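Notes to accompany the following structure.
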Protein chains: 2
Amino acid sequence: MKISELEKRTGINAHTLRYYEKSGLLKASMRSVNNYRIYSEDDLITALFIKRCKECGFSLAQTAALLAIKHDKSLHVCAEAKSITESKLQEISQQIEQLQQMEGTLTELQAYCCGGQESAEFCTIISTLEAGK
Amino acid sequence: MKISELEKRTGINAHTLRYYEKSGLLKASMRSVNNYRIYSEDDLITALFIKRCKECGFSLAQTAALLAIKHDKSLHVCAEAKSITESKLQEISQQIEQLQQMEGTLTELQAYCCGGQESAEFCTIISTLEAGK
DNA sequence: GTTGACCTTAGATGTAGCTCTAAGGTTTAT
DNA sequence: ATAAACCTTAGAGCTACATCTAAGGTCAAC
């Protein structure tokens with residue numbers, strides 16, 4: 001299939017597919033006579049693999065590492081895959097924690113603000129941000 | 001005080017302080033004879049305000065909006081401040097949700113992988129990413 | 001009087017992951 | 001045969017927020 005069909009079947013933008021190729025993630029397995037990219041069913045699977053990696057939050061570098069394992073399973077061990085997911089999991093937990101911290105602060109900031117048409121002179125959001133904790 | 005002292009007292013890099021000025025967030029209230037930025041105590045308060053906004057996750061644009069309220073409270077109303085925090089809160093909740101979704105997927109992905117020195121041939125992480133849900 | 005620590009500006013660089021443009025070649029349908 | 005819809009490349013642009021560089025001016029201490 002040509003790039004636009006792969007785009008349709010994966011939902012990945014053709015520009016992005018070319019970008020993935022440049023990044024070493026997904027190379028079309030053939031080129032037509034006139035140099036068009038021709039993707040195989042295997043390429044489609046790889047493209048969907050990449051898409052799922054993205055949904056899990058993996059960076060392109062991590063995705064590349066996972067793809068390397070996928071492409072040559074016998075040369076790799078479970079520990080490699082697991083260490084990638086573990087580090088991603090840790091990263092995500094940290095991000096969640098940070099966001100929850102912000103969420104807490106913001107909720108508190110909100111709590112006493114009337115949110116109405118009163119002058120901001122006594123707005124607790126502003127005064128709290130001014131005063132700090 | 002000069003820029004390096006403000007840097008010390010706020011923990012905000014001098015480069016960043018200049019960047020904030022260019023972005024319209026924090027202008028030194030004076031310049032010395034030789035064109036050095038001279039910051040007042042009020043400027044220090046503003047710098048700390050910006051820092052706290054950052055800790056809450058506000059973008060520079062949102063911070064600028066909050067600063068505008070702070071600088072001229074009588075011209076603004078609580079509703080403005082509250083709408084900014086509300087939209088930020090919403091954004092953060094969404095991000096948390098997304099991350100938790102990823103966290104769940106990753107945890108599931110991990111669950112059945114031995115993580116050992118076995119060949120990745122039967123690694124559940126890889127095969128799950130291949131198969132999709 | 002010179003060394004080192006400060007300050008200034010404009011503008012380049014970095015991150016991550018796309019997304020788009022320009023300029024051109026190919027294919028398909030009518 | 002011509003218009004629309006495809007394809008190619010190199011490289012620019014985008015976002016958000018800094019961070020750094022180059023080239024130069026100023027100041028205080030020894």
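Both backbone and side-chain heavy atoms feed into the values below; hydrogens, waters and symmetry mates do not. Lettering follows sequence order; numbering is per chain, from 1. Quantities reported herein were computed from a predicted structural model and do not represent experimental measurements.
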Phosphate OP1/OP2 of [N]: any [X] side-chain N/O under 4.0 Å:
| X | N | answer |
| --- | --- | --- |
| B:R18 | C:dT8 | yes |
| A:S4 | D:dC7 | yes |
| B:R37 | C:dC6 | no |

Side chains of [X] and [Y], heavy atoms from C-beta outward: is any pair under 4.5 Å?
| X | Y | answer |
| --- | --- | --- |
| A:K54 | A:T63 | no |
| B:E55 | A:M102 | no |
| A:R37 | A:L6 | no |
| B:C123 | A:I69 | no |
| A:V77 | B:E118 | no |

* Asked: Hey, what else clusters with A:I38 if you join Ile, Leu, Val, Met, Phe, Trp, Tyr whenever side-chain heavy atoms sit under 4.5 Å?
  ->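 So far as hydrophobic clustering goes, A:I38 is joined with A:M30.
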For nucleotides 15-22 of chain D, print each protein N/O atom paired with a nucleotide N/O atom at under 3.5 Å, atom names and distance only.
residue, atom, partner, partner atom, Å
D:dC17, OP2, B:L60, N, 3.4
D:dA18, OP1, B:K54, NZ, 2.8
D:dA18, OP2, B:Y20, OH, 2.9
D:dT19, OP2, B:T16, OG1, 3.2

In whole angstroms, how far is the [atom2] atom of [N] from the [atom1] atom of [X]?
| X | N | atom1 | atom2 | value |
| --- | --- | --- | --- | --- |
| A:L26 | C:dG17 | CG | C1' | 16 Å |
| A:E7 | C:dC20 | CD | P | 11 Å |
| A:Q62 | C:dG17 | CD | C1' | 14 Å |
| A:E91 | C:dT15 | CD | P | 16 Å |
| A:E5 | D:dC6 | CD | C1' | 13 Å |
| A:N34 | C:dT28 | CG | P | 9 Å |
| B:Y36 | D:dA28 | OH | C1' | 11 Å |
| B:K8 | C:dC7 | NZ | C1' | 14 Å |

* Any donor-acceptor N/O pair, A:K88 side chain to A:G57 backbone, under 3.5 Å ->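 Yes, A:K88 side chain to A:G57 backbone: donor-acceptor pair under 3.5 Å.
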* **Among D:dC7, C:dT8, D:dT8, the nucleotide that comes nearest once only the side chain of A:R31 is considered** =>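 Closest nucleotide among those given: D:dT8.
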